[in-house]
Structures are given as structure tokens and as C-alpha cells.
Amino acid sequence: YLEKAIALAPDSVNIRTQLAMGHLALGEDEQAISELQTVAGLDQGLLQADLFLIMTYLRNQDFDNALVAADKFTAKLPDSPVPDYMKGAAYFGKGDHKAARNSYEAALEIQPDFLPAHLNLAQLELSANDTAAGEARYRKVLSYNEGNLKALLALAALTNQKGLTAETEQWLKQAHHH
């Protein structure tokens, strides 16, 4: 039915997006990507298609195309941290942690309280074996959102690794209350 509707209204971003979501749900990624590329190219202000397209590329580990799509998304949404965040995810997937860090930090320049970028930077710190910097990043997240479950549980895990039982319990209690 959606394909018939597209035949009648080929520039309908809503119908094409619904069709793309149907293809994604069925695991038909190539068809979904094709529809999402069409919707993103129509440039009618529906930014969901761009986001879904990038996320589909990331899921398929097609990081180069995710970066291309994220660059186009940046042009459409220059004042949002989301495109830079998505670029960071693509660079991280490629194993380029320096470029990922730069992208996440660019997202934070646009919106300092953008928690997903802070959380991913914390993971980058930990993957570089800089526990203190990772812990500081998680505490920064809590300065913006004291009930952030990911940060609370990460801090509990870090203190548990250090053998700080009482502090671990405090983080877990705080997580439980939120």
C-alpha cells in the first residue's frame, strides 16, 4: 500500500519514511537505505530520515557512508550537536578514536550539556586506560543530570574495581533511587 501511495505522491516524505521503516523492520536494509536517501535528498525539513539513514549505516558498520550522511546532516542542522555526535560514532566504529574524540568535543561546543557525547568521551577515556579522566567525565554527566543511570552505574563499577565497597554501595543506592 505504501508503494502504491508513493506512486501517487512520489515526493511525500512521510510515506517514504514509513516505507523505509517497514523495510528496516523486515531486515531489508538496502531498500530502507534507498528510501531514506531519497527522503534525505528531498530536503523538506524531515530530519528523521537523515538520522535513520546514519543509524542504519552505523548498524551495518558502513562507517564511511555514515560519515558522508552525517556531513550532509550537519549542513541541514548546523546548530545541533547530533550530527557531530553521529560522526563521532562513525569514527569510533572505524577505530579512529582521535577523530571520534574531536567530533564528540565539537558536539559539546554546540551544546555543553549534551550527555551522549559526555558518556562516549568517558568510554574513550576508559578505553585509553585513563580511569581518572573517565571518572571525571561521568561526574560531569551527573553535574548536568544527577540521576543519569549510565553514569551512576559506571561510577559504581569503577569504585568496585578499586575495591571501594562503601563508595560502590553509595553509587548503587543513588542509582536505585533514580
Side-chain angles (χ1 to χ4, degrees), residues 11-128 130 133-145 147-154:
D11 291 341
S12 172
V13 294
N14 290 328
I15 296 170
R16 286 191 176 277
T17 302
Q18 288 178 4
L19 180 60
M21 295 304 99
H23 285 306
L24 283 174
L26 294 172
E28 299 168 347
D29 288 356
E30 285 183 33
Q31 293 93 327
I33 288 170
S34 176
E35 287 300 331
L36 291 169
Q37 287 172 332
T38 299
V39 173
L42 291 173
D43 195 26
Q44 294 182 2
L46 184 67
L47 301 175
Q48 276 182 316
D50 294 272
L51 190 56
F52 285 133
L53 179 61
I54 297 165
M55 291 169 55
T56 302
Y57 284 137
L58 290 173
R59 187 182 75 196
N60 291 337
Q61 299 182 2
D62 187 351
F63 304 118
D64 291 330
N65 276 326
L67 286 169
V68 170
D71 280 336
K72 291 178 183 175
F73 196 34
T74 300
K76 292 180 181 181
L77 207 59
D79 296 328
S80 171
V82 175
D84 285 313
Y85 173 76
M86 299 307 278
K87 287 179 195 175
Y91 283 123
F92 184 82
K94 289 177 66 113
D96 188 344
H97 291 187
K98 182 179 180 183
R101 177 182 302 279
N102 291 340
S103 293
Y104 294 140
E105 288 174 353
L108 292 175
E109 286 178 23
I110 294 169
Q111 184 179 332
D113 65 345
F114 188 64
L115 299 184
H118 281 293
L119 291 167
N120 283 10
L121 282 167
Q123 287 297 316
L124 282 174
E125 303 293 6
L126 295 177
S127 69
D130 192 343
E135 185 176 330
R137 289 276 183 189
Y138 285 124
R139 288 180 186 273
K140 182 79 168 181
V141 168
L142 294 178
S143 75
Y144 291 112
N145 177 356
N148 186 283
L149 195 56
K150 286 184 179 185
L152 291 168
L153 293 176

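Numbering of residues begins at 1 and proceeds along the displayed sequence.
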List the residues meeting salt bridge (charged side-chain N to carboxylate O under 4.0 Å, His left out) with [X], not counting sequence neighbours, and say none if there are none.
{"X": "Asp71", "value": "Lys87"}
{"X": "Glu105", "value": "Arg137"}
{"X": "Asp64", "value": "Lys94"}
{"X": "Arg139", "value": "Glu135, Glu167"}

Contacts of [X] that satisfy side-chain contact (heavy atoms from CB on, under 4.5 Å) - sequence neighbours left out:
{"X": "Ala99", "answer": "Tyr91, Asp96"}
{"X": "Ser143", "answer": "Lys140"}
{"X": "Pro81", "answer": "Ala107, Ile110, Gln111, Phe114"}
{"X": "Ala133", "answer": "Glu125, Asp130"}

- Message: For a 4.5 angstrom cut-off between non-hydrogen side-chain atoms, does Phe73 reach Leu53?
- Response: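 The answer is no; the side chains never approach within 4.5 Å.
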- Gln123 and Phe92, any side-chain heavy atoms less than 4.5 Å apart: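 In short, these two side chains do not touch, never coming nearer than 4.5 Å.
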- Pairwise distance CG(Leu121) to OH(Tyr104) - rounded to 0.5 angstrom: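 Answer rounded to 0.5 Å: 7.5 Å.
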- OH on Tyr144 to NE2 on His118, rounded to 0.5 Å: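 These two atoms lie 4.5 Å from each other.
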Where is the tightest heavy-atom contact between [X] and [Y], given as atom of each residue plus distance?
{"X": "Ala100", "Y": "Gly88", "answer": "CB-O, 3.4 Å"}
{"X": "Ile54", "Y": "Ala69", "answer": "CG1-CB, 3.6 Å"}
{"X": "Leu51", "Y": "Val82", "answer": "CD1-CG1, 4.0 Å"}
{"X": "Gly134", "Y": "Leu126", "answer": "CA-CD2, 4.1 Å"}

- Item | Tyr57: ring-ring contact (aromatic ring centres under 6.0 Å, His included) partners, not counting sequence neighbours |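 Expected list: none.
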- Taking only residues two or more places apart in sequence, or in another chain, which ones meet Phe63 in a ring-ring contact (aromatic ring centres under 6.0 Å, His included)?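 Here no residue qualifies.
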- Message: Restricting to side chain to side chain donor-acceptor pair (under 3.5 Å), what partner residues turn up for Asn60, sequence neighbours left out?
- Response: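 Partners of Asn60 by the side chain to side chain donor-acceptor pair (under 3.5 Å) criterion, ordered by chain and then number, come out as Asp29.
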- Task: Quick one: list whatever passes side chain to side chain donor-acceptor pair (under 3.5 Å) with Asn148, sequence neighbours left out.
- Result: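 Side chain to side chain donor-acceptor pair (under 3.5 Å) list for Asn148, sorted by chain: empty.
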- In plain terms, say whether Asp50 and Lys76 are close enough for a salt bridge, that is, a side-chain N and a carboxylate O under 4.0 Å apart.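 Here Asp50 pairs with Lys76 in a salt bridge, since their nearest N and O are under 4.0 Å apart.
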